[in-house]
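See structure below.
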Amino acid sequence: MRVLFTGIQPTGLLHIGNYFGAIKNWVELQYDYRSYISIVDLHALTIRHDPKQMPEQVFDLAVGLYACGIDQEKTTLFIQSEVPGHADLTWIFNTLAPLGELERMTQFKDKSARNRKNVNVGLLDYPVLQASDILIYKGEIVPVGEDQVQHVEFTREIARYFNSRYGKTFPECQARLTHTPRITGLDGASKMSKSLGNYIGLMEKEDEIWKKLSVAKTDPARVRRTDPGNPEICNIYSYHKVVTPETELSDYIASGCRSAAIGCLDCKRRLLNNLMKVLDPIREEYGSLCGKREYVRELLDRNAEHCRAVARQTMLEIKEKMGLTAVWKI
Ligand code: ADP
Ligand code: TRP
């Protein structure tokens, strides 16, 4: 089976952008690939974090992912910092990574502009650690949202540099996107993101979600209730597309919007209804897993042990190729 690898930062809650842009794909693909998902706590250190909250955030993310349908029989879900090989390989790849390219990465430019007081080397080196995550398991398929495609392309380049200098070792991985690789935030402008506060949380209360939805941006040209709308430029319609069944979507939502038979608030209520149908089972499973701390901890421990063994094997192969373990062979 080909290897799938992906990662997610434990930087707070999960939102519907994560779910429809990435996690849903992980759940579907886990049956076709040898699947690894890492909770990338080392990546999360590149922005200021609270050491006291970190363990809870990691646990909460693990529970959230299992609740979304990550199957412990099919996917190896583990905590990045529990597998030292990732950081080891990062150093090796650092010696191959072109500085100019790292400086040109979109995420580095965005994050360093937003955190002017904390432009640390880790922020620049972030894609190299990501390449190490993927390649230490010889990952080929990397399911992510659109914002991560550049990092996956960079990983492919690092694999190429290594292979051409030290001999064929790594596969050339590929990003795998969902049909909705970029979910827009409630502001109707930027990508839905924790840091921008324009999100709907997967575990948020229904009335909180309604509060946010009721004031969320719609088709800007539809000013009065009686104006016909254009679903294709309405952000609310883009959410409908991921949760509303096909016939309701075309016969009621899209045509009702065009003819002004339904208003924006009715449309948003329908959306809330359909969204809750997706979220309710996830929340139920989340609630039940939150009470099983020991069980989840044991799964993560066992998975980290497996990953350490795989990572160790790759590191031995690499070191051998690079002449790093050969002292006693002279
Ligand atoms: P955030 O951007 O909110 O901090 P993460 O960086 O933890 O989220 O992203 C985890 C996964 O979810 C990644 O694969 C990322 O590409 C995907 N993702 C995040 N936000 C979105 C979005 N708005 N639309 C589609 N995919 C997204
Ligand atoms: N950078 C990714 C994000 O912010 C998380 C990540 C870390 C990742 N390592 C990875 C994703 C390896 C895919 C593969 O979402």
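In listed order, ligands and their atoms are each counted from 1. From a predicted model like this one, the values you see are computed outputs, not experimental measurements.
- Ligand 1 lies under 4.0 Å from heavy atoms of I8, Q9, H15, G17, N18, G21, A22, V144, G145, D147, Q148, P181, R182, I183, K191, M192, S193, K194.
- H86 and Y137 have their aromatic ring centers within a separation under 6.0 angstrom.
- With hydrogens and angles left out, the side-chain atoms of H43 and Q80 include a donor and acceptor closer than 3.5 Å.
- R156 and Y161 share no side-chain donor-acceptor pair at under 3.5 Å.
- For the 3.5 Å distance criterion, the side chains of S190 and D187 qualify, holding a donor opposite an acceptor.
- The 12-atom threshold is exceeded at NZ of K168, counting heavy atoms of other residues, nucleotides or ligands nearer than 6.0 Å.
- With hydrogens and angles left out, the side-chain atoms of T11 and K194 include a donor and acceptor closer than 3.5 Å.
- K212 forms a cation-pi arrangement with Y199, by the criterion of a distance under 6.0 Å to the ring centre and an angle within 45° of the ring axis.
- One finds a salt bridge joining E56 and R293 here, because a Lys/Arg side-chain nitrogen approaches an Asp/Glu carboxylate oxygen to under 4.0 Å.
- Using modelled atom types and a 3.5 Å distance limit, the side chains of D147 and Q107 yield no donor-acceptor pair.
- Near ligand 2, residues F5, T6, G7, Q9, V40, H43, Y126, Q130, D133, I134, V142, V144, Q148 each place a heavy atom inside the 4.0 Å sphere around the ligand atoms.
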